[in-house]
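The block underneath contains the structure these notes are about, expressed in structure tokens.
Every chain is numbered from 1, with letters handed out A, B, ... down the list of sequences. Any value given below was found using the heavy atoms of this structure, including those in side chains, with hydrogens, waters and symmetry copies removed.
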Amino acid sequence: MSGLKFDAELLETEFKELYRQLSTCADTLAKISAVEVAPTQSESIFHYDKLTLNFYPGDRSVSERPSTPLLICYALVNRWYMLDLDAGRSLIQRLNALGVDIYVIDWGYPDRTDRFTDLDDYLNDYLLSCVEQTCQHAGAEQINLLGVCQGGTLSLCFTALYPERIKNLITMVTPVDFHTAENILSRLVRNIDVDLAVNTFGNIPGSMLNQVFRSLSPMKLGPQKTLDLPKQLQTPEQAEAFLRMERWINDSPDLAGSAYREFVQWFFQQNQLVANQLQIGSEAVRLADIRCPIFNIYGTQDHLVPPCASKALGSLVGTTDYTEQAIEAGHIGVFVGNRARKTLPLAISQWLYSRD
Amino acid sequence: MSEQQNAWLQALLDQQKALLEHWSSLSASSGLNPETGMFNPQHFSANIQQQLDQLASLGEQFTQQQTASPHQVEWFKSALALFSQQTLADQLAAWKIPDELLQALQNQLHSQPLDAHFQKLASTPFFASTEQLDWQQRSQRGLNHLEAYQQALADYLEIYQQISEQASAQLLQQLNNGELQIESLSELHRHWSNTYDAVYADVISTPNYSQKHGAISNQINQLIAFTNETRDQHIQALGFVSRTELDQVMQRQHKLRKEVRTVKRNQASSDQAALSGLIGDMQATLSNMAAEIDTLKHEVKTLKAALESKEQDSERP
């Protein structure tokens, strides 16, 4: 057992250090009253049921700015402000600074009255209304659409259904092929009786989904996270950054029952989008109908949406203008990671400007 | 263990106690509000206390047995067993029937005194009332669900046991091969976490895991559904609106809403079509008028030229 290199003395030092960190961490947290998220100023331009459409004006002094407005469609899971977590970690703020006018859909918190809200409602009513409102507000005929994660999948469906409305499409960490070998999430839900779950709970509790995400790395996101925490919360800045992220992680709305049922069954279990079998409302959704330029961004270390699940898009769409960008980051790191923060906003704004 | 070692360990444990009390007071004084999805100091304090206790206990064992290598192997195995036990307990917590659900199930299964039922059945074994039969059938279903849940949980636990064993074996082998150099208990825990998660990631990709995971999830949901259904029956019997009835109303509402939306969209598109038609007609009229104006202009021009020529002719001598 030559690998064990500690003795009583080292243990004593280790414990003393652990306690010191724990003590400092407690003092640091005691000074923090609350943490704010979403610092970028916006104007709410449209309310519809639970959703709100927020406008973030771009810097007008930028000469090479896209004139077409950018609508961001976030996932129904978790909240949109991952894109505007704090001033230093805000994709929205950086895109605004590059002159991009942004509209963001805040889906709100579904409640019991949304039990039967389905994907047809989300696409053909909510998202369509947001696109119309964006066009009206911006005085534009078309919009650029940016979809994040599940919001990217919804954006693909929308673009296939309403190609004339979308000038350019950007997908970020978006699952397309749900049956690739590395897709653990898809394997986990493969044998879940979704009808039973929805009939039992009505809307699916957000806390339940959080538990599923945590279960993908049980130690890293469980006991190890607790043990590492004191070391990571030594300064107020570190603590605030951590608390903002915690707030985002735990701020997970319930999912409307019918929409959840359809998404899990049609996409995760049956992979209908790739199999060309998907129908939403009364219309068939065919990726081959998407002919506008597409910019597909994925994380190379994304364990929720593995790269191959996103990259599958390239061979399925009808466009000849397809660009892919790999970011060396995980699912969240694509938005808040150092490398992504430096390169991604510029890449997006330049891609849009060159296709404006 | 020497007296000196005993003393530092005791001192550390005292320090730990004081620290955790400090943490407990933090949850009261801090402005952090766990209700808003923020970090919960009290929850964290309980978790870290458990882990520090675990590490302190391992440290104590190590200092007592550190002299000989065979003892280190034993200590290492017991450390992994402790981590493994902790991991298993954490994993299990997610699949435990919530206490309130268990209570509800018990209430439902015992909603009528068993003794009285058995007495009635004993006295009239072939003629039970419909109510009694319903109750019996419902109880039987409840018990079947519970048994199915227990079986699914046992199967699931077996997988977790295998993951723990595999992770322990891997770590032990790495340490014996000299691939790992561990200089602290925290480092040991980190290696355990990484190895466990790596083995776990391989296992959860298998169809067997997917099946067992599906089974435990579905069985818990069956139990909750059963409890809801029974509760609904009671609520309905009392004359209140049940969850099922409320759902039916909302489903109808949702259908109506969709119809209204379709009508509105059709109306808007027909308005749009009508408007487009009108604009088209107007454009055609305008273009016809423009052509007529051009013709008229041409005619005027011709007339004007003719007039001028006539005037010139008349002016000639």
Side-chain angles (χ1 to χ4, degrees), chain A residues 1-8 10-12 14-16 18-19 22-23 26 29-30 32-35 112-113 115-117 120-121 124-125 181-182 184 187-188 190-193 196-197 199-202 211 215-220 222-224 226-227 229-230 242-243 246-247 249-251, chain B residues 5 8 12 15-16 19 22-23 26 29-32 37-39 41 44 47-48 51-52 59 62-63 66 69 72-73 76 86-87 90-91 94 175-176 178 180-186 189-190 193 196-197 200-201 204-205 210-211 213-214 217-218 221-222 224-225 228 247 250-251 254 261:
Chain A
M1 186 109 322
S2 57
L4 285 183
K5 299 287 181 196
F6 52 83
D7 54 24
L10 278 174
L11 285 181
E12 186 180 356
E14 181 190 357
F15 273 93
K16 280 183 175 165
L18 268 175
Y19 296 154
L22 196 59
S23 175
L29 285 173
I32 298 172
S33 55
V35 290
R112 203 180 161 80
T113 57
R115 158 72 181 81
F116 294 96
T117 303
D120 172 40
D121 299 314
N124 294 314
D125 194 6
E182 294 88 343
I184 294 173
R187 284 176 189 271
L188 273 185
R190 202 72 61 87
N191 289 292
I192 301 283
D193 185 342
L196 173 66
N199 292 341
T200 303
F201 292 102
Q211 189 191 311
S215 77
L216 295 179
S217 302
M219 290 300 291
K220 189 181 162 196
Q224 192 59 50
T226 306
L227 209 54
L229 209 55
F242 166 81
L243 290 170
E246 277 301 284
R247 176 168 166 180
I249 290 170
N250 293 307
D251 187 3
Chain B
Q5 282 168 355
W8 77 254
L12 284 178
Q15 199 181 343
Q16 179 176 322
L19 258 175
H22 179 37
W23 266 95
L26 174 67
S29 64
S30 160
L32 301 176
M38 295 276 286
F39 175 74
F44 169 74
N47 286 345
I48 194 92
Q51 286 186 259
L52 289 178
F62 184 83
T63 49
Q66 64 171 307
S69 182
Q72 283 197 355
V73 175
F76 188 71
Q86 176 63 42
T87 307
D90 284 351
Q91 300 276 27
L175 204 72
N176 279 331
L180 276 184
Q181 303 285 313
I182 299 175
E183 292 179 355
S184 67
L185 285 172
S186 311
H189 193 276
R190 189 168 304 114
S193 296
Y196 184 93
D197 277 356
Y200 178 82
I204 64 173
S205 302
S210 169
Q211 210 175 7
H213 177 265
S217 308
N218 296 338
N221 289 348
Q222 282 285 10
I224 299 171
N228 287 347
D247 273 352
M250 285 202 288
Q251 193 164 17
H254 177 252
R261 188 188 84 201

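Distance OG1/B:T87 to CE/A:M219: 4.0 Å, rounded to 0.5 Å. One distance of note links OG1 of A:T226 with CG of B:N47; it measures 4.5 Å at 0.5 Å rounding. Atoms CZ and OG, on A:F15 and B:S186 in that order, are 7.5 Å from each other to the nearest 0.5 Å. One distance of note links OG1 of A:T200 with CD of B:Q222; it measures 7.0 Å at 0.5 Å rounding. B:F62 contributes atom CZ, which lies 6.5 Å from atom CG of A:L11 (distance to the nearest 0.5 angstrom). Distance check, rounded to the nearest 0.5 Å: CG of B:D247 to CZ of A:R112 gives 5.0 Å.
Of the listed residues (B:S217, B:A201, B:G214), the one with the most heavy-atom contacts under 4.5 Å to chain A is B:G214. The candidate with the highest count of non-hydrogen atom pairs below 4.5 Å against chain B, out of A:D121, A:T113, A:L10, is A:D121. The choice from A:A197, A:A181, A:P218 that makes the most heavy-atom pairs within less than 4.5 Å of chain B is A:P218. Considering only heavy-atom pairs separated by less than 4.5 Å from chain B, the leading option among A:L227, A:N124, A:N199 is A:L227.
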Side chain to side chain contact (heavy atoms under 4.5 Å, CB included) between A:L216 and B:I204, worked out: CA-CA 9 Å; A:L216 295 179; B:I204 64 173; 4.3 Å; yes

Evaluate the criterion side chain to side chain contact (heavy atoms under 4.5 Å, CB included) for residue pair A:D120 and B:R261; output intermediate values, then yes/no. CA-CA 11 Å; A:D120 172 40; B:R261 188 188 84 201; 3.1 Å; yes

Before you tell me yes or no, could you show the steps for B:Q51 and A:Q224 under side chain to side chain contact (heavy atoms under 4.5 Å, CB included), namely the whole-Å CA-CA distance, both residues' side-chain angles and the distance that decides it to 0.1 Å? CA-CA 9 Å; B:Q51 286 186 259; A:Q224 192 59 50; over 6 Å; no

Test side chain to side chain contact (heavy atoms under 4.5 Å, CB included) on B:N221 and A:D193 and set out the steps. CA-CA 9 Å; B:N221 289 348; A:D193 185 342; over 6 Å; no

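For B:R190, the parts lying under 4.5 angstrom from a heavy atom of chain A are both the backbone and the side chain. Heavy-atom distances place both the backbone and the side chain of A:L188 under 4.5 Å from chain B. With a 4.5 Å cut-off on non-hydrogen atoms, A:R115 touches chain B through its side chain but not through its backbone. Interface residue A:I184: only side-chain heavy atoms are found under 4.5 Å from chain B. In this structure, no portion of B:Q86 lies under 4.5 Å from any heavy atom of chain A. Interface remark: A:F201 contributes backbone and side-chain atoms alike to the contact with chain B (heavy atom separation under 4.5 Å). Neither the backbone nor the side chain of A:I249 comes within contact range of chain B, judged by heavy atoms closer than 4.5 Å. Contacts between B:E183 and chain A at a heavy-atom distance below 4.5 Å involve backbone atoms as well as side-chain atoms.
For the pair B:D197 (side chain) and A:K220 (backbone), a donor-acceptor distance under 3.5 Å is present. Formation of a donor-acceptor pair under 3.5 Å by the A:E14 side chain with backbone atoms of B:L185 is found in this model. B:N218 contributes a side-chain N or O that, together with a main-chain N or O of A:N191, makes up a donor-acceptor pair within less than 3.5 Å.
Residue A:R187 comes nearest to B:S205 through the heavy atom pair NH1-O, 2.9 Å, listed as atom of the first residue, atom of the second, then distance.
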